[in-house]
Amino acid sequence: MAAVAASNLGVLAYYLGRYGEALSEYEEAREGFARAGSEAQRAMVSDNIAETYLELNLLAESHDLAEEAAGTFQRLNLPGHRARAELNQARALLRERPQRLEAALELLRRARETLTAQGDPVWTHLAGLDLAGALLPSDPAEALRLADEARPFFRGAGLDHYETYARWVRAEALLAAERGPEAAQEFERLVTRAENLNLSDLAARCRLRLGRLAELRGDRARARQEYDRALVWVETTRASLKADDFRAAFIEDKQAAFARSVELTLAAVEAGESTPDELLLRVERWKARILLDYLAAGEQKRTAPGSPAETPAAGGAGATAATRALDERRGALREELALLHRRI
């Protein structure tokens, strides 16, 4: 069935960090399952979309979609799938509304209990890792225990991506427990693994952490190097996103890397360790990225399917004056975008 194939391709693209491709496949699968009247499978794909939205920082959309899927699974008496959807609900709550920590913890614990009762060890451990992430600020020791519990299971099952996630949670727990040197060693090992597996998003997160740890040690040169490496991976993931609202949302929580890179370069210039030209280049690249997103977002809005700019005027008379004006503006924007691309 085409919908099943599209769903499987979406999962593969998601784990490779190609979130735009994943969403395209998921949408095709969801439409196919809707046409076939398969409510449960459609809800499963909706939950996968919710998970992908989390990676793109579309938190409210992720929460609402996961909540809707959980309600469908509850009505269809599918407790295991309901628990998985509740995990995505909890993840979105933790990031969008930190004040809802207790509600998120309740969802996570309930989901984990359900998955344990269902005899699903893979998802039980994944729920444990999500719970560990929520506990990092308040109970890093318990978070570390949960990560160390999950890691050997995933390794033994040959689930490389999940084992890598468990190692990430472990490194975060060490950092939260103020065990900086151990955390740095764990991130060093983890980033090599993530880069070898081509997990661009995780590689970027590891480089950001290593940059911050280098700053805390007073090693500004190493910190700048790590931030720059992180930005290479950020751009790798960002470039795969075709929709500009997705690209803008994805970059939102990673802007600190650009800012810190510029600030550290400024400090290096003041200390005579770098040149003003390097600082100017970094600032201009940062400004250009912002402007590119702004212009591209405007271009996308002007060419939305079904908009006047895409639809001939009634009566077959061709484009109206307003449509011609929009076309001219789109042409000017394309020229500006081309110029900016050449400069970058």
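In terms of heavy atoms, Leu129 sits closest to Ala147 at CD2-CA, 3.8 Å. When all heavy atoms are compared, the tightest approach of Leu115 to Gly80 is CD2-O, 3.8 Å. Contact detail for Pro79 and Thr114: the closest heavy-atom pair is O-CG2, 3.5 Å. Taking all atoms of both residues into account, the shortest heavy-atom contact from Val191 to Ala203 is CG2-O, 3.8 Å. Taking both residues in full, the closest heavy atoms of His63 and Ala92 are given as CB-CB, 3.7 Å, listed atom of the first, atom of the second, then distance. Residues Arg220 and Ala267 come closest through the heavy atom pair NH1-CB, 3.3 Å.
How far CG of Leu9 is from CD of Glu25: 4.5 Å, rounded to the nearest 0.5 Å. Taking CG of Leu56 as the reference point, atom CD of Glu51 lies at 11.5 Å (rounded to 0.5 Å). Atoms CE and NE2, on Met44 and His81 in that order, are 3.5 Å from each other to the nearest 0.5 Å. With values rounded to the nearest 0.5 angstrom, Glu163 atom CD is found 12.0 Å from Phe153 atom CZ. For the atom pair OG1 of Thr52 and CD of Glu21, the computed distance is 12.0 Å after rounding to the nearest 0.5 Å. Rounded to the nearest 0.5 angstrom, Leu210 CG and Arg229 CZ are separated by 9.0 Å.
Checking each of Arg30, Glu31, Glu28 against Val45 for a side-chain contact (heavy atoms from CB on, under 4.5 Å) leaves exactly one that passes, namely Arg30.
Side-chain atoms of Glu39 and Phe73, non-hydrogen and from C-beta on, never get closer than 4.5 Å to each other. Residues Glu55 and Tyr14 are in side-chain contact: their nearest non-hydrogen atoms beyond the backbone lie under 4.5 Å apart. Side-chain contact between Val169 and Asp130: absent, with no pair of heavy atoms (C-beta onward) separated by less than 4.5 Å. In this structure, Arg212 and Tyr227 have side chains that are in contact, with non-hydrogen atoms separated by less than 4.5 Å. Residues Leu94 and Leu108 form a side-chain contact, since some pair of their non-hydrogen atoms from C-beta on lies under 4.5 Å apart. At least one side-chain heavy atom of Tyr19 sits under 4.5 Å from a side-chain heavy atom of Asp201. At least one side-chain heavy atom of Leu190 sits under 4.5 Å from a side-chain heavy atom of Thr164. Counting heavy atoms from C-beta on, the side chains of Tyr53 and Leu59 never come closer than 4.5 Å.
In this structure, Asn196 contributes its side chain and Thr192 its backbone to a donor-acceptor pair below 3.5 Å. The backbone N or O of Ala171 lies less than 3.5 Å from no partner atom in the side chain of Arg209, so there is not a single donor-acceptor pair. When atom types are taken as modelled, the side chain of Ser7 and the backbone of Ala3 share no donor-acceptor pair closer than 3.5 angstrom. No side-chain donor-acceptor contact under 3.5 Å links Ser62 to the backbone of Leu58. With hydrogens and angles disregarded, a donor-acceptor distance shorter than 3.5 Å links the side chain of Thr72 to the backbone of Glu68. Of the possible donor and acceptor atoms, one in the side chain of Asn88 sits under 3.5 Å from a partner among the backbone N and O of Asp47.
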Test side chain to side chain donor-acceptor pair (under 3.5 Å) applied to Arg112 and Thr124, step by step
CA-CA 6 Å; Arg112 190 164 183 249; Thr124 295; over 6 Å; no
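At a threshold of 4.0 Å, the pair Arg84-Asp120 counts as salt-bridged, since one of the basic side-chain nitrogens sits closer than that to a carboxylate oxygen. Remark: Glu113 does not engage Arg109 in a salt bridge, criterion side-chain N to carboxylate O under 4.0 Å.
A donor-acceptor pair shorter than 3.5 Å cannot be found between the side chains of Asn198 and Tyr15. Judged by distance alone, the side chains of Arg95 and Asn57 do bring a donor and an acceptor atom under 3.5 Å apart.
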